[in-house]
Novice: 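Got a structure here, written out as C-alpha cells. Questions coming.
Here is the naming used below: chain letters follow the sequence lines, and residue numbers restart at 1 for every chain.
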There are 2 protein chains.
Amino acid sequence: MLINELSKKTGISIHTIRFYEKSGLIEGKQDPSVKSNNYFHYDEVTMEKLEFISDAKSVGFTIKEIGQIIDAWYNRKYTKKEKLEILDDKLISLEQKMKEIKEMKKQILQFKDDVVNDRC
Amino acid sequence: MLINELSKKTGISIHTIRFYEKSGLIEGKQDPSVKSNNYFHYDEVTMEKLEFISDAKSVGFTIKEIGQIIDAWYNRKYTKKEKLEILDDKLISLEQKMKEIKEMKKQILQFKDDVVNDRC
DNA sequence: TACAACAGTAGAGTATAGTCTATAGTTGAT
DNA sequence: ATCAACTATAGACTATACTCTACTGTTGTA
C-alpha cells in the first residue's frame, strides 16, 4: 500500500509516518520495475510496527528506545543474546515505571485524603 | 534557604528550579525587610514540591499537569470539589498508564518468546 | 488532455522541557 | 578593601518529537 492508505489505516499522519521513516523505525520499499515514480510501498509489518510505536510512545518510550525494540524484533542486526538483553532491559524499565506509578497513586490518594479532611 | 541550598538538597539544578518557578510550580519569597538585595527564600514546602515534581515527571506528567496537581494540593484557588475532580482525573490517567504498561509488558514478553523460538 | 489528488524531498516552524550564557549587583571571609 | 562565591534577570541555545510549507513530479478519472 502507499503512504496515504497506511496513514488512513493506522491513524498516523503522513508527515509523522515520514518522520518515523527518517528516524529509522519503519521502511517502505520502492518497486524497481516502476521507473516513472519513486513511490514507497508499505506492508502489513509496517502497520504492525506503527501500532507498536503508538503503544510504546504512550508508555513513555522514546523514539530511540522504540527503535531498539523494533530492531530487536524485526531486524537481523543483533544476535539472539543481544536481542534478549535489549528486551529484558525494556522489561526492567517497564517494571520501574509501574513502581513509580503505584507510588504516585499513593501520593495522590494522600492528597485527596488531605483535601477531604481539610488538611490543605 | 536560598536557591543554592535548595538546589543541593533536592539535586535539582538552579536553572531548572528557576524554570519551575517561572512555570508557576514553586514560589520563593523575598524578605521585605532586606532592601540591599532581591534574593528569594525557599521553605520546606518548596522542597516537598520539588520532590513531587521529580516523581511526577518520571511517571510522565507534563509541567502543566504537575501544576494542576500542586494547585489542587497547596493552593486556595480551587474549591474542595474542584480539587477532588483534578486529583481524580489524575488517578484515572495513572490507571490508564498502568494498563498500557501491562499491555506493553505482554507485548515485549511475546517478542522475547519469538526471539527464543526463532520466530524472527 | 486537463486537473484534482496523490507522491516525493528539503527545510522551516512549533511545543515542551530544560540548559546555558551574559550581565550586573551582593555577600562574606580574609 | 578585595575577591571568590553567590544572587537575579533576560534571553539564547539544545534535544525531542513532531507538524507544516514550499516545491516538484505522477497518476487516474472526466
Side-chain angles (χ1 to χ4, degrees), chain A residues 1-43 46 49-70 90 93 97 100, chain B residues 1-43 46 49-70 90 93 97 100:
Chain A
M1 77 191 92
L2 297 179
I3 199 160
N4 192 38
E5 191 181 345
L6 181 64
S7 170
K8 268 160 194 159
K9 280 189 179 164
T10 58
I12 297 172
S13 82
I14 291 177
H15 284 303
T16 302
I17 290 173
R18 292 220 167 96
F19 169 72
Y20 290 154
E21 186 149 18
K22 253 193 285 179
S23 306
L25 300 186
I26 60 161
E27 211 177 337
K29 283 181 273 298
Q30 281 172 319
D31 187 343
S33 69
V34 176
K35 272 139 197 138
S36 59
N37 69 39
N38 49 350
Y39 293 4
F40 287 89
H41 296 264
Y42 302 92
D43 57 12
T46 306
K49 285 183 187 177
L50 286 176
E51 272 145 33
F52 176 76
I53 292 166
S54 294
D55 294 345
K57 268 177 29 64
S58 65
V59 305
F61 282 133
T62 62
I63 295 289
K64 206 172 163 184
E65 287 176 308
I66 295 169
Q68 287 187 314
I69 300 170
I70 286 178
K90 299 312 170 203
S93 106
K97 283 177 204 286
E100 286 164 351
Chain B
M1 78 191 89
L2 296 179
I3 198 159
N4 191 36
E5 191 181 345
L6 181 63
S7 171
K8 269 161 192 159
K9 280 189 178 165
T10 58
I12 298 171
S13 81
I14 290 177
H15 285 303
T16 302
I17 291 172
R18 292 220 166 96
F19 170 72
Y20 290 155
E21 185 149 18
K22 254 195 282 182
S23 306
L25 300 186
I26 59 160
E27 211 178 336
K29 285 181 273 296
Q30 281 170 321
D31 187 341
S33 69
V34 176
K35 271 138 199 138
S36 59
N37 70 39
N38 49 350
Y39 292 5
F40 286 89
H41 295 264
Y42 302 91
D43 57 12
T46 305
K49 285 183 185 176
L50 286 177
E51 272 146 33
F52 176 76
I53 291 166
S54 294
D55 294 346
K57 268 176 32 59
S58 65
V59 305
F61 283 132
T62 63
I63 294 288
K64 205 173 166 183
E65 287 176 309
I66 295 169
Q68 286 186 315
I69 300 171
I70 286 178
K90 299 313 168 201
S93 104
K97 283 175 205 285
E100 287 164 351

Novice: Of the listed nucleotides (C/dG11, C/dG18, C/dT26), which one gets closest to any side-chain atom of B/S36?
Specialist: C/dT26

Novice: For the side chain of A/L2, starting at C-beta, report the closest nucleotide among C/dG8, C/dA7, C/dA17.
Specialist: C/dA7

Novice: Using heavy atoms to find the nearest nucleotide of DNA chain C for A/K8 and B/K35 separately, return the residue whose nucleotide is more 5′.
Specialist: A/K8

Novice: What integer distance in Å separates A/I3:CD1 from C/dA7:P?
Specialist: 7 Å

Novice: Just how far, in rounded Å, is C1' of C/dT16 from CD1 of B/I53?
Specialist: 15 Å

Novice: If you pin B/E5 and A/Y20 to their nearest nucleotides in DNA chain D, which one's is more 5'?
Specialist: B/E5

Novice: For a quick check under 3.5 Å, do B/T46 and B/D43 share a side-chain donor-acceptor pair by atom type?
Specialist: yes

Novice: Round to a whole Å and report the spacing from CD of B/E65 to C1' of C/dT16.
Specialist: 12 Å

Novice: Just wondering, do A/L50 and A/K9 contact through their side chains at under 4.5 Å, heavy atoms?
Specialist: no

Novice: In whole angstrom, what separates B/F40's CZ from C/dT26's P?
Specialist: 15 Å

Novice: What integer distance in Å separates B/L25:CG from C/dA17:P?
Specialist: 9 Å

Novice: Any side-chain heavy atom of B/F19 sitting closer than 4.5 Å to one from B/I63?
Specialist: yes

Novice: Heavy-atom count check: over 12 atoms from other residues, nucleotides or ligands less than 6.0 Å from B/E27 CD?
Specialist: no

Novice: Is the side chain of A/E100 donor-acceptor paired with the backbone N or O of B/V59 at a distance under 3.5 Å, no angle test?
Specialist: no

Novice: At less than 4.0 Å, is any side-chain N or O atom of B/Y39 found next to OP1 or OP2 of C/dG25? Yes or no.
Specialist: no

Novice: Are A/K90 and A/F61 side-chain neighbours, meaning at least one heavy-atom pair lies under 4.5 Å?
Specialist: yes

Novice: Give a yes or no on whether the backbone of B/L6 and the side-chain of B/T10 come within a donor-acceptor separation of less than 3.5 Å.
Specialist: yes

Novice: Using a heavy-atom cut-off of under 4.0 Å over every strand shown, decide if A/T62 touches base, sugar-phosphate, or nothing.
Specialist: sugar-phosphate

Novice: Find the distance A/Q30:CD to C/dG8:P and express it as a whole number of Å.
Specialist: 8 Å

Novice: On DNA chain D, which is the earliest and which the latest nucleotide, 5' to 3', with an atom closer than 4.0 Å to a heavy atom of chain A?
Specialist: D/dA17 to D/dT27

Novice: Please report, rounded to the nearest Å, how far the P atom of C/dA7 is from the CD atom of A/E21.
Specialist: 13 Å

Novice: Between atom NE2 in A/H15 and atom C1' in C/dA15, what is the gap in whole Å?
Specialist: 17 Å

